[in-house]
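Take a look at the structure below.
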Amino acid sequence: NSGTKREKRGRMLTVNELAVQSKAPAHVVRYYTRIGLISPVKQQENGYRLFASRDAKRLRFIRMAKVLGFTLKEIKSITMHSDEGESPCDDVRRIILNHIDENRVKIDQMLELQNRMELALKQWESMPNGVPDGNCVCHLIESFDVDDVK
C-alpha cells in the first residue's frame, strides 16, 4: 500500500528533474529554494533536495508573474497569501496598476531623453570634431544647451 500512498502524494523530484519539468534552469530552482519561493518536501541523506510535483506548477506560476513584471518579492507575497488560503487577487491588481503607473513615468522620461539625444545629434551634424585643449573634454556635449530643450 505504500505505492498507493506515494501515487497520491505525487512523485518526488530532484532539483534537476524539477528544472526539466518546469522548464527553468536548475540554478533558478536552487535560487528560488534559497529565497523561500519554493521549499523541498524533504532532503535526502546525500544532500539532494526532493520536491513535490506541484512545485513545477509553482515555478511556472513564478515565470508567468515575472513575465507580467512582478518582482520576486511581490511574487513571494502573492504566493504566501495563496498558501494561507487568502485570495491574492486584490493585491495582484493593485501591484500591476502601480507597475503600469511607474512604467508610464519611465516611458515619458525615455521619450524626453530620446528627444534630447536626437536634438543634440542634429545640432552636432554641422560641427567639426574638436581636439581637447585642457579647457574642454568634448565640445559637442559642452555646446549642448539643456535650456534649449522643451
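- Closest heavy-atom contact between Asn16 and Ala26: OD1-CB, 3.4 Å.
- Cluster annotation: Met117 and Leu121 are assigned to distinct hydrophobic clusters (Ile/Leu/Val/Met/Phe/Trp/Tyr, side-chain heavy-atom contacts under 4.5 Å, transitive).
- Between Met12 atom CE and Tyr48 atom OH the span is 15.5 Å, to the nearest 0.5 Å.
- Contact check for Arg30 versus Val15: side-chain heavy atoms found under the 4.5 Å cut-off.
- Atom OG in Ser53 sits 13.0 Å away from atom CZ in Arg58 (nearest 0.5 Å).
- Listed for the Glu118 side chain is no donor-acceptor partner under 3.5 Å among the backbone atoms of Asn115.
- Annotation for Gln21 and Arg60: closest pair O-NH1, 3.1 Å, computed over non-hydrogen atoms.
- Looking at heavy atoms from C-beta onward, Ile95 lies out of side-chain contact with Arg93 at the 4.5 angstrom threshold.
- Counting heavy atoms from C-beta on, the side chains of Glu142 and Val137 come closer than 4.5 Å.
- From Phe144, atom CZ reaches atom CZ of Arg116 across 7.5 Å, with rounding to the nearest 0.5 Å.
- The shortest side-chain heavy-atom distance between Leu18 and Ile38 falls under the 4.5 Å cut-off.
- Between the side chain of Asp55 and the backbone N or O of Ala52 there is at least one donor-acceptor pair closer than 3.5 Å.
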Quiz item: What's the verdict on side-chain contact (heavy atoms from CB on, under 4.5 Å) for Leu13 and Arg11, showing C-alpha distance, side-chain angles and the deciding distance?
Solution: CA-CA 6 Å; Leu13 305 168; Arg11 187 173 172 289; 2.9 Å; yes
Hey, can you pull the donor-acceptor pairs under 3.5 Å for the side chains in residues 124-135, sequence neighbours left out?
from, atom 1, to, atom 2, distance (Å)
Trp124, NE1, Leu140, O, 2.8
Asp133, OD1, Asn135, N, 2.8
Asp133, OD1, Cys136, N, 3.4

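- The structure places CD of Gln114 at 12.0 Å from CG of Leu119, a figure rounded to the nearest 0.5 Å.
- Closest non-hydrogen pair, Pro40 versus Thr33, comes out as CD-CG2, 3.7 Å.
- Salt bridge annotation for Lys106-Asp101: absent, with no cationic side-chain nitrogen under 4.0 angstrom from a carboxylate oxygen.
- Residues Leu50 and Val29 do not share a hydrophobic cluster, defined by chaining ILVMFWY side chains whose heavy atoms lie under 4.5 Å apart.
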Quiz item: Going through the distances and angles, do Leu59 and Tyr32 end up as a side-chain contact (heavy atoms from CB on, under 4.5 Å)?
Solution: CA-CA 9 Å; Leu59 285 169; Tyr32 289 172; 3.4 Å; yes
Below 3.5 Å, can you tabulate the donor-acceptor pairs from side chains in residues 62-79 to any protein atom, sequence neighbours excluded?
from, atom 1, to, atom 2, distance (Å)
Arg63, NH1, Ser22, O, 2.6
Arg63, NH1, Lys23, O, 3.3
Thr71, OG1, Glu74, N, 3.1
Thr71, OG1, Glu74, OE1, 3.3
Glu74, OE1, Thr71, N, 2.8
Glu74, OE1, His99, NE2, 2.9
Glu74, OE2, His99, NE2, 3.0
Lys76, NZ, Ile35, O, 2.7
Thr79, OG1, Ile75, O, 3.1
Thr79, OG1, Lys76, O, 3.0

